[in-house]
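Quick notes on the structure that follows.
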Amino acid sequence: MTAPAPLRIGNASGFYGDRFDAVREMLTGGPLDVLTGDYLAELTMLILGRSRLKDPEKGYATTFLRQLEEGLGLAHERGVKIVTNAGGLNPAGLADAVRKLAAKVGVPVTVAHVEGDSLPVPDGFLTANAYLGGAGIAACLRAGAGIVVTGRVTDAALVTGPAAAHFGWGPDDLDALAGAVVAGHVLECGTQATGGNYAFFGDHDVRRPGFPLAEIHADGSSVITKHDGTGGVVDLSTVTAQLLYETGGPRYAGPDVTARLDTVRLTPDGPDRVRIDGVRGEAPPPTLKAGLTRLGGWRNEVVFVLTGLDIEAKARLVKDQFADALERGGARPPADVRWELARTDHPDADTEERASGLLRLVVRDQDADAVGRTVSGAAVELALGSYPGFHVTAPPGKGAPYGVFEAVYVPAGEVEHTAVLPDGRRDVMEPPSLTQELAEVDEPPLPAPYPSGHPTRRTPLGLIAGARSGDKGGDANVGVWVRDDDAWRWLAHELTVERFRELLPEAAELTVVRHVLPNLRALNFTVHGLLGEGVAAQARFDPQAKAVGEWLRSRWLPIPVALLEGIDDPEVSA
């Protein structure tokens, strides 16, 4: 029998607010079978929850509708199916809106949606949604849908669903599903797979990277690429970086399958083409992850600009005066008060801005008044009686609510994963009959250590290692990889948990777990609790840990000189 043709799945959105014209670019840039769009994140669910409070008819990503005004006709002309999680908290509402839009623009379209992710919302919470797999999407496509709208599914489900429908995979095709999960994870963040947020960005022209696509094969293997003529790059490093993003250990669990990341094999397949194969799959766990969001309280911030001399002394004066102003005003201090001095100032600077440091005050409390006028008033009254050159980056405000995301796990059998087909029939997906509890994987053997006794030079880790970091609730994930075997022999033994904590003192008192992925020449670190209550709480300077990896790369340590040969960085002196 002739093997089925590969399924070309492209991505046009990595988050709610991504490049608006990406839908048109992907539909007109080259051949596609399916176009996906990922609009949901932990923070997005909170945003949509607040939107739904104002208008119960909303709760979905309205940007997607505006993109479809032109995209519907283009997709219809080219025979491209569209699958998106833009339905958010109201997939049925978005499906109806798509039908109305199609009638308005005169494009025939069959629309289906997936629901059942919405769970009973506990007291005090705003949203509660389980992460569904791709089975409902597959059912919708098999029933002839041209557009499938979902609520909270896993990001990879946008790929596993179309692939299962196209190739006829069932729930027991674990290796094939696992391969599609890995391809889906590479695609889910859009241009992060094609040079966006890439550690070695200086090696390529990444001013406007094109969006990625995957050519999925019947056995679950794939080739990651992009449309010809688009910017950016697809190579082993860009794909490795995205594979490490927001993952953890070798077992990457999902509702369809648990993919073994330690079996992933990457090989070049031509310019801007990377083949992924060898991925093994295991039965999924018996539970589904569910995300709960709630309003956590109120926050406010003031950024004081400190210019010229005596920066540290000026910062001490502001802190003392602020505390005194609160006490004299009779107000209790906010429950959480954090000061951070960023020494962005330069000595003998040639501009005022380069001569200035920033002192950031962040306050949080359950009581809006405790972070509102109380704080802004205490800050403003210092204007004429504090350090010389007093000013702030913006007038203090009245404070704003912040949110909290919590992850819980629910039995898969208690979630009614439902495909609402184009003709209105409701098809309830059966939970997996075979499941497997997650367990730790024995750490693989490390490569032979890099020979000792060779000369070293203190220099930034990032000269030889790439990194990408992100958030999972209150935890941070930091993936680190290198591009050749000698560097891997050194990194695997040098960057221990102890060395990691030494290089990143903010993690010194936290639980740090290291995972070794030899096939990728990579280490993946999970830093538990670094982000407090998560991105929506905005308790940290970098609340999504987006730049923790770059901070790690900027840290200096002794690196064998032989590994630095041919590397020229004008920002680093010997």
Side-chain angles (χ1 to χ4, degrees), residues 5-40 57-58 60-88 90-114 137-138 140-151 158-159 161-163 165-166 187-188 190-191 194 208-216 225-231 419-424:
L7 182 70
R8 288 174 63 90
I9 303 180
N11 171 281
S13 176
F15 68 100
Y16 192 7
D18 208 345
R19 204 158 82 207
F20 184 85
D21 54 5
V23 169
R24 175 180 175 79
E25 290 176 7
M26 291 302 290
L27 288 172
T28 60
L32 275 184
D33 299 306
V34 179
L35 182 63
T36 66
D38 180 8
Y39 292 79
L40 301 184
E57 299 299 316
K58 292 295 172 57
Y60 55 76
T62 55
T63 300
F64 173 69
L65 274 180
R66 292 192 289 118
Q67 290 172 306
L68 276 193
E69 289 181 8
E70 181 182 30
L72 272 176
L74 293 172
H76 178 67
E77 291 169 9
R78 291 160 172 77
V80 178
K81 299 180 185 296
I82 296 176
V83 178
T84 178
N85 61 15
N90 188 8
L94 179 56
D96 285 340
V98 171
R99 294 185 187 96
K100 292 176 183 176
L101 175 63
K104 175 183 174 182
V105 299
V107 176
V109 65
T110 53
V111 184
H113 73 273
V114 177
I137 295 171
C140 291
L141 293 171
R142 288 173 179 141
I147 295 181
V148 180
V149 172
T150 79
L158 301 177
V159 171
H166 181 75
L187 295 190
E188 72 180 59
T191 54
T194 58
R208 188 178 172 83
F211 276 70
L213 62 92
E215 299 170 354
I216 310 288
T225 183
K226 61 188 184 69
H227 284 324
D228 292 342
T230 56
V420 183
L421 306 180
D423 62 4

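Atom set for the values below is all heavy atoms of this structure, side chains included, hydrogens, waters and symmetry mates excluded.
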If you compare all heavy atoms of [X] against all heavy atoms of [Y], which two are closest, and at what distance to 0.1 Å?
X	Y	answer
Thr62	Tyr16	N-OH, 3.1 Å
Thr191	Gly210	CG2-O, 3.5 Å
Ala112	Val420	CB-O, 3.2 Å
His166	Ala5	NE2-O, 3.3 Å
Ile82	Ala75	CD1-CB, 3.9 Å
Val148	Cys140	CG2-CB, 3.7 Å

Do [X] side-chain atoms and [Y] backbone N/O form a donor-acceptor pair below 3.5 Å?
X	Y	value
Tyr60	Gly151	no
Thr84	Gly37	yes
Thr110	Pro422	no
Asn11	Phe211	no
Arg78	Leu32	no
Thr36	Gly10	yes

Query raised in the report: Under the side-chain contact (heavy atoms from CB on, under 4.5 Å) criterion, do Asp38 and Asn85 qualify, and how do the steps go?
Result: CA-CA 6 Å; Asp38 180 8; Asn85 61 15; 2.8 Å; yes
**Report entry** Contacts of type salt bridge (Lys or Arg N to Asp or Glu O under 4.0 Å), residue Lys81, not counting sequence neighbours
**Finding:**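 Counting only residues at least two positions away or on another chain, Lys81 forms no salt bridge (Lys or Arg N to Asp or Glu O under 4.0 Å).
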Report task. Would you check if Leu213 and His227 make a side-chain contact, meaning some heavy-atom pair closer than 4.5 Å? Result ->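 Yes, their side chains come closer than 4.5 Å.
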Requested in this report: Could you check if a side-chain atom of Val114 sits within less than 4.5 angstrom of a side-chain atom of Pro91, using non-hydrogen atoms only?
Outcome: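 A side-chain contact is absent here, since even the closest heavy-atom pair is not under 4.5 Å.
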Which atom pairs, one a donor and one an acceptor, fall under 3.5 Å between side chains of residues 18-26 and the rest of the protein, sequence neighbours left out?
from  : atom 1 : to     : atom 2 : distance (Å)
Asp18 : OD2    : Gly14  : N      : 2.8
Arg19 : NH1    : Pro209 : O      : 3.1
Arg19 : NH2    : Glu25  : OE1    : 2.8
Arg19 : NH2    : Pro209 : O      : 3.2
Asp21 : OD1    : Arg208 : NH2    : 3.3
Asp21 : OD2    : Arg208 : NH2    : 3.0
Arg24 : NH1    : Glu70  : OE2    : 2.5
Glu25 : OE2    : Arg208 : NH2    : 2.4

Requested in this report: Applying side-chain contact (heavy atoms from CB on, under 4.5 Å), run through Val34 and Leu141 and close with a yes or a no.
Outcome: CA-CA 11 Å; Val34 179; Leu141 293 171; 5.6 Å; no
Query - Neighbour count above 12 (heavy atom, 6.0 Å) for Asp423 CG - result: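 For Asp423, atom CG is crowded (more than 12 foreign heavy atoms under 6.0 Å).
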Would you compute the distance between atom [atom1] of [X] and atom [atom2] of [Y] and round it to the nearest 0.5 angstrom?
X	Y	atom1	atom2	value
Tyr39	Gln67	OH	CD	3.5 Å
Leu74	Glu77	CG	CD	5.5 Å
Ile216	Ile9	CD1	CD1	5.0 Å

Could you list the donor-acceptor pairs under 3.5 angstrom formed by side chains in residues 99-109, with sequence neighbours left out?
from  : atom 1 : to     : atom 2 : distance (Å)
Arg99 : NH1    : Asp96  : OD1    : 2.8
Arg99 : NH2    : Val111 : O      : 3.0

